[in-house]
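Comments concern the structure below.
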Amino acid sequence: QVQLVESGGGLVQAGDSLRLSCAASGRTYSTYFMAWFRQAPGKEREIVAAINRGGGITYSVDSVKGRFTISRDNTKNTVYLQMNSLKPEDTAVYYCAATPQFGMPTRGNEYVYWGQGTQVTVSS
């Protein structure tokens, strides 16, 4: 069982940066594949980025490549999403998720544990 708590969201202007954090409980945190998803009003949830157990392999959706970076610190049971050059279209609720699956899971239904979400709003 893993509990996830996100933090770091807020209201920023276009071009600004934010760093989201997701703190996980449970001694088996390092055995989970982690990801960030987002859901904008009226839109379907989409994956933003994912990271493997050791942190050496990552995935990011094309719309955030070069701007967002996912990382994890297994000593702190925390996964991060560094978001630079934010755009108004990045406005959404961002969710942290965890799965025991292997490979590179990118679909929401592949993830078992979810945080409560943190709002990111980017004004133009």
Side-chain angles (χ1 to χ4, degrees):
Q1 189 80 319
V2 176
Q3 292 185 326
L4 305 172
V5 179
E6 303 98 333
S7 62
L11 171 63
V12 296
Q13 293 186 333
D16 286 351
S17 298
L18 277 176
R19 188 175 81 157
L20 305 183
S21 298
C22 173
S25 64
R27 293 176 294 176
T28 59
Y29 161 77
S30 62
T31 67
Y32 288 88
F33 203 101
M34 303 296 295
W36 287 95
F37 287 78
R38 67 185 179 186
Q39 187 165 22
K43 294 187 177 181
E44 292 187 354
R45 181 179 58 193
E46 66 168 349
I47 190 167
V48 177
I51 189 165
N52 73 333
R53 290 161 176 78
I57 300 175
T58 62
Y59 163 88
S60 59
V61 69
D62 286 346
S63 60
V64 307
K65 283 182 179 178
R67 300 188 299 123
F68 291 11
T69 302
I70 188 171
S71 62
R72 68 191 292 168
D73 186 339
N74 288 345
T75 65
K76 297 181 179 180
N77 282 12
T78 302
V79 62
Y80 304 97
L81 185 67
Q82 177 66 43
M83 305 186 295
N84 298 328
S85 302
L86 282 160
K87 303 176 181 179
E89 50 264 44
D90 295 319
T91 295
V93 177
Y94 284 71
Y95 298 92
C96 176
T99 179
Q101 288 198 19
F102 288 85
M104 181 59 73
T106 59
R107 295 177 299 179
N109 60 10
E110 296 179 289
Y111 285 80
V112 177
Y113 303 107
W114 293 83
Q116 82 289 350
T118 185
Q119 176 70 47
V120 172
T121 303
V122 185
S123 64
S124 58

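If you read the sequence from its start, that first residue is 1, and numbering goes on from there.
- Note that NZ of Lys43 and CD of Glu89 are 8.0 Å apart. Values are rounded to the nearest 0.5 Å.
- Here the options are Glu6, Gln116, Arg38, the test is side-chain contact (heavy atoms from CB on, under 4.5 Å), and the partner is Tyr95; only Glu6 passes.
- Distance check: Thr78 OG1 to Leu20 CG gives 12.5 Å after rounding to the nearest 0.5 Å.
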Before you tell me yes or no, could you show the steps for Met83 and Arg67 under side-chain contact (heavy atoms from CB on, under 4.5 Å), namely the whole-Å CA-CA distance, both residues' side-chain angles and the distance that decides it to 0.1 Å?
CA-CA 6 Å; Met83 305 186 295; Arg67 300 188 299 123; over 6 Å; no
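- Annotation for Ala40 and Ala92: closest pair N-CB, 3.8 Å, computed over non-hydrogen atoms.
- Clustering ILVMFWY residues whenever any of their side-chain heavy atoms sit less than 4.5 angstrom apart, transitively, puts Tyr59 in a cluster other than the one holding Tyr80.
- The local environment of CD1 in Ile57 is sparse, with at most 12 non-hydrogen atoms from other residues, nucleotides or ligands closer than 6.0 Å.
- The environment of CD in Gln3 is sparse: at most 12 heavy-atom neighbours from other residues, nucleotides or ligands sit within 6.0 Å.
- Ala24 approaches Leu4 most closely through the heavy-atom pair CB-CD2, 3.6 Å.
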Quick one, Phe68 with Val61, criterion side-chain contact (heavy atoms from CB on, under 4.5 Å). Give me CA distance, side-chain angles, the key distance, then yes/no.
CA-CA 9 Å; Phe68 291 11; Val61 69; over 6 Å; no
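- Remark: side-chain polar atoms of Asn74 are not paired, donor with acceptor, to backbone N or O of Ser30 under 3.5 angstrom.
- Atom OG of Ser123 is separated from atom CD of Gln13 by 5.0 Å, given to the nearest 0.5 angstrom.
- How far OG1 of Thr58 is from CE of Met104: 7.0 Å, rounded to the nearest 0.5 Å.
- Summarising the geometry, atom OG1 belonging to Thr99 is positioned 10.0 Å from atom CE belonging to Met34; distances are rounded to the nearest 0.5 Å.
- Of all non-hydrogen atoms in Gly108 and Trp114, the two that sit nearest each other are O-CZ2, 3.4 Å.
- Between Gln39 and Arg45 the shortest heavy-atom distance is NE2-N, 3.8 Å.
- When all heavy atoms are compared, the tightest approach of Pro105 to Phe102 is CD-O, 4.0 Å.
- For the atom pair Arg53 CZ and Phe33 CZ, the distance stands at 7.5 Å (nearest 0.5 Å).
- Between Asp62 and Lys65 there is a salt bridge, since at least one side-chain N of the basic residue sits less than 4.0 Å from a carboxylate O of the acidic one.
- In the hydrophobic cluster analysis, where Ile, Leu, Val, Met, Phe, Trp and Tyr join through side-chain heavy atoms closer than 4.5 angstrom, Leu11 is grouped apart from Val122.
- Using a 4.5 Å cut-off between side-chain heavy atoms of Ile, Leu, Val, Met, Phe, Trp and Tyr, with links allowed through other members, Val5 and Ile70 fall into different hydrophobic clusters.
- Ring geometry, Tyr32 versus Tyr113: the interplanar angle exceeds 60°, so the pair is classed perpendicular (tilted spans 30 to 60°).
- Here the closest heavy-atom approach between residue Ser60 and residue Val64 is recorded as CB-CG2, 4.0 Å.
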